[in-house]
2 protein chains.
Amino acid sequence: MTTPMLTKNQSLVFDILTRAEAPLSAYTILDKLRDQGFRAPLQVYRALDKLLEYGVVHRLESINSFVACAHPHEDCHSHGLVAFAICESCGQVMEFHDHEVDHRLMDWLKSQKFKAEKSTIEIRGHCANCTA
Amino acid sequence: MTTPMLTKNQSLVFDILTRAEAPLSAYTILDKLRDQGFRAPLQVYRALDKLLEYGVVHRLESINSFVACAHPHEDCHSHGLVAFAICESCGQVMEFHDHEVDHRLMDWLKSQKFKAEKSTIEIRGHCANCTA
DNA sequence: ATCAATTGCGTTATGCTATAACGTGTGCGA
DNA sequence: TCGCACACGTTATAGCATAACGCAATTGAT
Ligand SMILES: [Zn+2]
Ligand SMILES: [Zn+2]
Ligand SMILES: [Zn+2]
Ligand SMILES: [Zn+2]
């Protein structure tokens, strides 16, 4: 998918996420954008929906938060499954892709005749900096 | 971890999950247990916390629901990462374990000096029965 | 026996996450 | 000009999860 021009609200949300050093919840984004005129959660969620659709933002299901894609110039939808390592101390997220894991999972699903549509791979723990 | 005797509330919650054909949300469980005297969400969440700790129940982060472990006589904490395929039509969940995927992810994390603690692997899509 | 610590339980209140439903305005092609 | 698609704004509501309090039963040490 080629990313269309972002609307004003989409740009505001995307900029916040791009500058953030950790994933943000929708309500945190809302708070950060109150000065820019944001008033209601839907303004954030609607922008996020589009950004997710365009593949420039990822949703982290295990922490109900959102993060800008770490590979902005590739297409995260084309290089298969995306995995995240999330530090529970500092919040930092590492995003990575692995075709081996990808194929292995897909083969298993295929053997079960399961048609995969969306995937979530998230590992929580502690990053190098935060490990004592 | 060896599973201790379950308390009354834990048993009630576990039985509901064991008999369910699809994952249940905490509030759905609450509704199903009102006749048994359940009144508040905490009664469910507290039981779930223990069942998760014992490893006999899994939480599906992507759908805010809970499911009984499909491998009750193994120890899901010992055979590495657990993955789930969740059908978005009928709700059925397939639980599986794959050491290949496991090692591959763990190797990557190790190379990043990331200390993994909890993992979430969930694939949403459509099962064989529900595929047109 | 007594005390302290632990664990489970029940209740009320609250907070966080997400969507429904309605209406407005703008741009654009038929 | 009409109809449609889309972004937007607002209010209200639904759904998920925990804080904080107090009580009761159990256990284990003194
Ligand atoms: Zn990405
Ligand atoms: Zn860290
Ligand atoms: Zn299991
Ligand atoms: Zn199905």
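Remember, predicted model here, so these are calculated numbers, not experimental data. Naming convention: chains lettered A, B, ... in sequence-line order (proteins, then strands); numbering from 1 in each chain.
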### Length of the CG-C1' vector between N64(B) and dT17(C), whole Å
9 Å
### Message
Rounding to an integer number of Å, can you tell me how far L48(B) CG sits from dC16(D) P?
### Response
13 Å
#### Entry: Pairs where residues 11-24 of chain B contributes a residue and the test side chain to side chain donor-acceptor pair (under 3.5 Å) is met, not counting sequence neighbours
none
#### Entry: Spacing of I63(A) atom CD1 relative to dC16(C) atom C1', expressed in whole Å
14 Å
### Query
To the nearest angstrom, how far is Y45(B) atom OH from dG15(D) atom P?
12 Å
### Message
In this structure, how many angstroms lie between the P atom of dG8(C) and the CG atom of L6(B), rounded?
### Response
11 Å
Distances for protein N or O near nucleotides 6-11 of chain D N or O, under 3.5 Å:
residue : atom : partner : partner atom : Å
dC8(D)  : OP1  : T7(A)   : OG1          : 2.9
dC8(D)  : OP1  : N9(A)   : N            : 3.3
dC8(D)  : OP2  : T7(A)   : OG1          : 3.4
dG9(D)  : OP2  : N9(A)   : ND2          : 2.9
dG9(D)  : OP2  : Q43(A)  : NE2          : 2.7
dG9(D)  : N7   : R46(A)  : NH2          : 2.3
dG9(D)  : O6   : R46(A)  : NH1          : 3.3
dG9(D)  : O6   : R46(A)  : NH2          : 3.2

#### Entry: Results of salt bridge (charged side-chain N to carboxylate O under 4.0 Å, His left out) for R124(A) - residues two or more places apart only
E61(B)
### Message
Under the rule for side-chain hydrogen bond (donor to acceptor under 3.5 Å, both in side chains), what residues qualify as partners of S25(B), not counting sequence neighbours?
### Response
T28(B)
### Task
Measure centre to centre between the rings of F84(A) and H58(A), then say whether the value is under 6.0 Å.
yes
### Of residues 18-34 of chain B, the positions that come close to DNA chain C - non-hydrogen atoms, cut-off under 4.0 Å
none
### Task
Could you check how far CE of M5(B) sits from C1' of dT26(D), rounded to whole Å?
16 Å
## Note on the structure
Taken in chain and number order and not counting sequence neighbours, the residues that satisfy salt bridge (charged side-chain N to carboxylate O under 4.0 Å, His left out) with K50(A) are E53(A)
## Note on the structure
Sequence neighbours excluded, the answer for side-chain hydrogen bond (donor to acceptor under 3.5 Å, both in side chains) partners of S119(B) is none
### Query
Looking at residues at least two apart in the chain, or sitting in another chain, which of them share a salt bridge (charged side-chain N to carboxylate O under 4.0 Å, His left out) with K118(A)?
E88(B)
### Task
For D107(A), check salt bridge (charged side-chain N to carboxylate O under 4.0 Å, His left out) against everything at least two apart and list the hits.
none
